[in-house]
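Here is the structure we will look at.
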There are 2 protein chains.
Amino acid sequence: MRHTKTLERLKESGYRLTPQRVMVLAALAARPGHIGVDEIYRQVYEGYPYIDVATVYRTLQLLKNLHMVTELDVGGTTRYELIEADRHHHMVCRGCGNAFDFSPTYLVEFRQRLTQEFGFQPDLEHFAIGGLCSRCAESL
Amino acid sequence: MRHTKTLERLKESGYRLTPQRVMVLAALAARPGHIGVDEIYRQVYEGYPYIDVATVYRTLQLLKNLHMVTELDVGGTTRYELIEADRHHHMVCRGCGNAFDFSPTYLVEFRQRLTQEFGFQPDLEHFAIGGLCSRCAESL
DNA sequence: TGGCTTATTGCAACCGTTTGCAGTTGTGAT
DNA sequence: ATCACAACTGCAAACGGTTGCAATAAGCCA
C-alpha cells in the first residue's frame, strides 16, 4: 500500500479518515503518474456508487493543501499525483501532452535572484512549465 | 489610441475587424494593467448590449493565440493584458493579489539548461509565477 | 457500549468558461 | 452597388469545478 503513510498523516493532522477519502487515495495510488478527476471518480464509483464528484474535488483540494498531492495542468485538463519522497518539477509538452520531470536544482538561481532583488518569495514547490519536448520539436 | 496597431495586425492576419472585436480591444486598452473578463464584458455592454460573453471569451482566445494579449492567473481569477512593446513576466503575490513585473533575463539560465540537457523548449513568453511579495512576507 | 460533537458528505444549485448551431455580416470580387 | 461565401456572432445548452445546506457519521469520551 503506497498510500498508508499518507492516510496516517491525514489522521494526525486532525482530519477524519472517511471511506471516501481512503478510496480517493487508493485510486491515486493505484495508478502511478498523473491522473484526472474523472478517472479517480470512476474508480471510486466502482466500489461505492454513492460517491459524489464534489467529494472527490474536496478531498483533492484538502490533499493539495496538505502537500500530499500535486495539481498539474496538462494541456487544459487538471491532473493529480501522489507526492512521493523524491520531489521534482514537471515539463509538460504541448505537442504530445506528456509530462517529464526535472530536479529543483534547476531553479535555485532563479529563486535567489527574485528573493534578493525584489524580496519576492516564489512558490516553486509545485512548479510546472509548458513547452515542446525534443521528439515533438523534431517532428515539426 | 493605444490599440490601433493591434487592430491593423488583426486584419493583416486575415481575421475580420468586427465591431465586437474592436470594442473588446478598446476595453483592454482603456484600463492599463490586468483586467478581468467581467470588466471587459461590462464595458463593452455599455456601448452594445447585444454582446455575448462567449464572444468576449472567443475574442480573448484569438488575441491570446496571436500574442496580442497575455492571459494571467491572479489568485484564481483569470485576467488579461494588452501586450505592449516592453515584454515582461509576472510575479503574482498570493497575499495581496498584486502582480509585479520582472525582466526575461531572469530566466535565460533556466531556459538554457532545459534546452541543453533535455532538449525541452519551454514556453516562457507568458510566464507568471506565484509567491509572496516583500510587504506581505513582512506582515506574517 | 452508547451518546455527543462537529467534520464531512450527498445533493442541488450555481459559477465561469466552452461549444454546436443557425442566422448574420464583414470582406473581396464583380 | 451588389453578390457570394466564409468568418463570425448570439443563443442556449453543456462542461468542469465550487458552494450552501441539511443529513450523516467519524472520532472521542464516559
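Here is how names work: the chains are called A, B, and so on, in the same order as the sequence lines, proteins then strands, and each is numbered from 1. Nothing here was measured: the structure is a model prediction, and the numbers come from that model.
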Hey, which of B:Glu109, B:Gln116, B:Glu117 is the one that makes side-chain hydrogen bond (donor to acceptor under 3.5 Å, both in side chains) with B:Arg113? B:Glu117
If I take atom [atom1] in residue [X] and atom [atom2] in nucleotide [N], what distance separates them, rounded to the nearest angstrom?
| X | N | atom1 | atom2 | answer |
| --- | --- | --- | --- | --- |
| B:Ile40 | C:dG16 | CD1 | P | 14 Å |
| A:Met23 | C:dG10 | CE | C1' | 15 Å |
| B:Asp52 | C:dG16 | CG | P | 14 Å |
| B:Ile51 | D:dC8 | CD1 | C1' | 11 Å |
| B:Leu10 | D:dA7 | CG | P | 15 Å |
| A:Asp38 | D:dC15 | CG | P | 13 Å |
| A:Tyr45 | C:dG10 | OH | P | 12 Å |

May I have the step-by-step check of side-chain contact (heavy atoms from CB on, under 4.5 Å) for A:Ile35 and A:Glu81, ending in yes or no? CA-CA 6 Å; A:Ile35 166 173; A:Glu81 183 183 27; over 6 Å; no
SB check A:Arg79 A:Glu71 (cutoff 4.0 Å): no
Would you check, one step at a time, whether the test side-chain contact (heavy atoms from CB on, under 4.5 Å) holds for B:Ile129 with A:Asp123? CA-CA 7 Å; B:Ile129 183 127; A:Asp123 296 328; 5.9 Å; no
Aromatic contact between B:Tyr106 and B:Phe127, with the criterion being ring centroids under 6.0 Å apart: yes or no? no
What is the nucleic acid contact for A:Tyr41, judged by heavy atoms within less than 4.0 Å: base, sugar-phosphate only, or nothing? nothing
Counting any heavy atom closer than 4.0 Å, what does B:Thr77 reach on the DNA or RNA strands: base, sugar-phosphate only, or nothing? nothing
Given the rule in the side-chain contact (heavy atoms from CB on, under 4.5 Å) test, do A:Leu62 and A:Tyr15 qualify, once you have shown the distances and angles that lead to the verdict? CA-CA 10 Å; A:Leu62 171 67; A:Tyr15 294 95; 3.5 Å; yes
Those residues of residues 60-71 of chain B lying under 4.0 Å from DNA chain D by at least one heavy atom: none
Below 4.0 angstrom from OP1 or OP2 of D:dT9, is there any side-chain N or O of B:Arg58? no
Counting just side-chain N and O atoms, does B:Tyr50 come under 4.0 Å of either OP1 or OP2 of C:dG23? no
Considering heavy-atom distances to DNA chain C, does B:Val53 or A:Pro49 have its closest nucleotide positioned more toward the 5' end? A:Pro49
side-chain contact (heavy atoms from CB on, under 4.5 Å) evaluation trace for B:Thr115 with B:Phe120: CA-CA 5 Å; B:Thr115 306; B:Phe120 189 84; over 6 Å; no
Write down the protein N/O and nucleotide N/O pairs, taken from nucleotides 24-27 of chain D, whose separation is under 3.5 Å; answer none if there are no such pairs.
from: D:dA26; atom 1: N3; to: A:Arg16; atom 2: NH1; distance (Å): 3.3
from: D:dA26; atom 1: N3; to: A:Arg16; atom 2: NH2; distance (Å): 3.3
from: D:dG27; atom 1: OP1; to: A:Leu17; atom 2: N; distance (Å): 2.6

Please, which pairs that meet side-chain hydrogen bond (donor to acceptor under 3.5 Å, both in side chains) have at least one residue in residues 43-55 of chain B, sequence neighbours excluded? none
How are the rings of B:His34 and B:His90 set relative to one another: parallel (under 30°), tilted (30 to 60°) or perpendicular (over 60°)? perpendicular
